[in-house]
Amino acid sequence: MREDTIKLLRECDAGIKMGISAIEDVYDKITHEDFRRHIEDQKNSHAKMQREIRDQLDTYGDEGKDPNPMTKGMAHVKTGMKLGFDCTDETIASLLTDGCHMGVKSLSRYLNQYPNADEGARNVARRLISLEDTMEKELRPYL
C-alpha cells in the first residue's frame, strides 16, 4: 500500500510540475486580458494542488518526482515551434488543451496502475484529473 501510494503521488507531482511549466511557457504570450486572468487562476489552482501533493509526499519522506526530461523537452520544442509559426491565443489554448488531455490520460492510467494506494493519494489524483479536465473544457471558448 505504501509503495503504491508513493508512486501515485510521485506521478501526480511530475504531472502538476509539467502543467505549471506549460502554463509558464505560454503565459507572457497571451494577448487577451480575460484569457490571461483565466490562465493565471489556473496556475494558482495548480500551485495550490502542488503544495498539497508536496505535503503528502513529505509525510512519507519522499522527494517527489520531476517530469521526464525528454517529455518536458519535447513539449517545450513543440510549443516553441507552434508559437513560432502562429503565436495567437487560439494556438496557446490549443497547446494547453492538448496538455490537459495528456494529463487526464496519464493520471487516469496511474490511478488504475496503483490500485493499492491509500485513499488520500487516490483522492488527490482524482482531484488533479478533475482540475485538468475542467481546465480543458474552460479553454474551449479560446480555441
For side chain to side chain donor-acceptor pair (under 3.5 Å), just list the numbers for Asp25 and Thr79, CA-CA rounded to whole Å, side-chain angles, deciding distance to a tenth of an Å, and then say yes or no. CA-CA 8 Å; Asp25 282 350; Thr79 298; 5.1 Å; no
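- Partners of Asp34 under the side-chain hydrogen bond (donor to acceptor under 3.5 Å, both in side chains) rule, at least two apart in sequence or in another chain, do not exist in this structure.
- Every residue meeting the salt bridge (charged side-chain N to carboxylate O under 4.0 Å, His left out) condition with Glu52, not counting sequence neighbours, appears here in chain and number order: Arg127.
- With rounding to the nearest 0.5 angstrom, the CG atom of Leu111 is 6.0 Å from the CG atom of Leu8.
- Listed by first and then second residue, the salt bridge (charged side-chain N to carboxylate O under 4.0 Å, His left out) pairs involving residues 111-120 are Glu119-Arg126 (not counting sequence neighbours).
- Here the closest heavy-atom approach between residue Gly64 and residue Asp62 is recorded as N-OD2, 2.8 Å.
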Under 3.5 Å, which donor-acceptor pairs do the side chains of residues 99-107 form with other protein atoms, sequence neighbours left out?
| unit_1 | atom_1 | unit_2 | atom_2 | d |
| --- | --- | --- | --- | --- |
| Ser106 | OG | Met102 | O | 3.1 |
| Ser106 | OG | Gly103 | O | 3.4 |

For side chain to side chain donor-acceptor pair (under 3.5 Å), just list the numbers for Ser94 and Thr91, CA-CA rounded to whole Å, side-chain angles, deciding distance to a tenth of an Å, and then say yes or no. CA-CA 5 Å; Ser94 179; Thr91 301; over 6 Å; no
May I have the list of side-chain donor-acceptor pairs in residues 40-48 shorter than 3.5 Å, sequence neighbours left out?
| unit_1 | atom_1 | unit_2 | atom_2 | d |
| --- | --- | --- | --- | --- |
| Glu40 | OE1 | Tyr27 | OH | 2.8 |
| Gln42 | NE2 | Glu138 | OE1 | 3.1 |
| Lys43 | NZ | Glu24 | OE2 | 3.2 |
| Asn44 | ND2 | Glu40 | O | 3.4 |
| Ser45 | OG | Asp41 | O | 3.2 |
| His46 | ND1 | Gln42 | O | 2.7 |
| His46 | NE2 | Glu132 | OE2 | 2.4 |

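- Contacts classified as salt bridge (charged side-chain N to carboxylate O under 4.0 Å, His left out) and involving residues 69-88 (residues at least two apart or in different chains) are given here: Lys78-Asp98.
- Between the OG1 atom in Thr5 and the OH atom in Tyr60 there is a gap of 4.5 Å [rounded to 0.5 Å].
- In summary, of the residues considered (Arg122, Arg10, Lys7), a side-chain contact (heavy atoms from CB on, under 4.5 Å) with Tyr114 occurs for Lys7 alone.
- Every residue meeting the side-chain contact (heavy atoms from CB on, under 4.5 Å) condition with Thr97, not counting sequence neighbours, appears here in chain and number order: Glu136, Leu139, Leu143.
- In terms of the side-chain contact (heavy atoms from CB on, under 4.5 Å) criterion, residue partners of Lys17 (sequence neighbours excluded) are, by chain and number, Asp13, Gln50, Asp66, Pro67.
- Remark: Arg36 pairs with no residue by the side-chain hydrogen bond (donor to acceptor under 3.5 Å, both in side chains) rule, at least two apart or across chains.
- By the side-chain contact (heavy atoms from CB on, under 4.5 Å) test, Thr71 pairs with Met18, Asn68, sequence neighbours left out.
- For Asn116, the side-chain contact (heavy atoms from CB on, under 4.5 Å) criterion is met by Asp4, not counting sequence neighbours.
- Among residues two or more places apart in sequence or in another chain, the ring-ring contact (aromatic ring centres under 6.0 Å, His included) test is passed with Phe35 by Tyr142.
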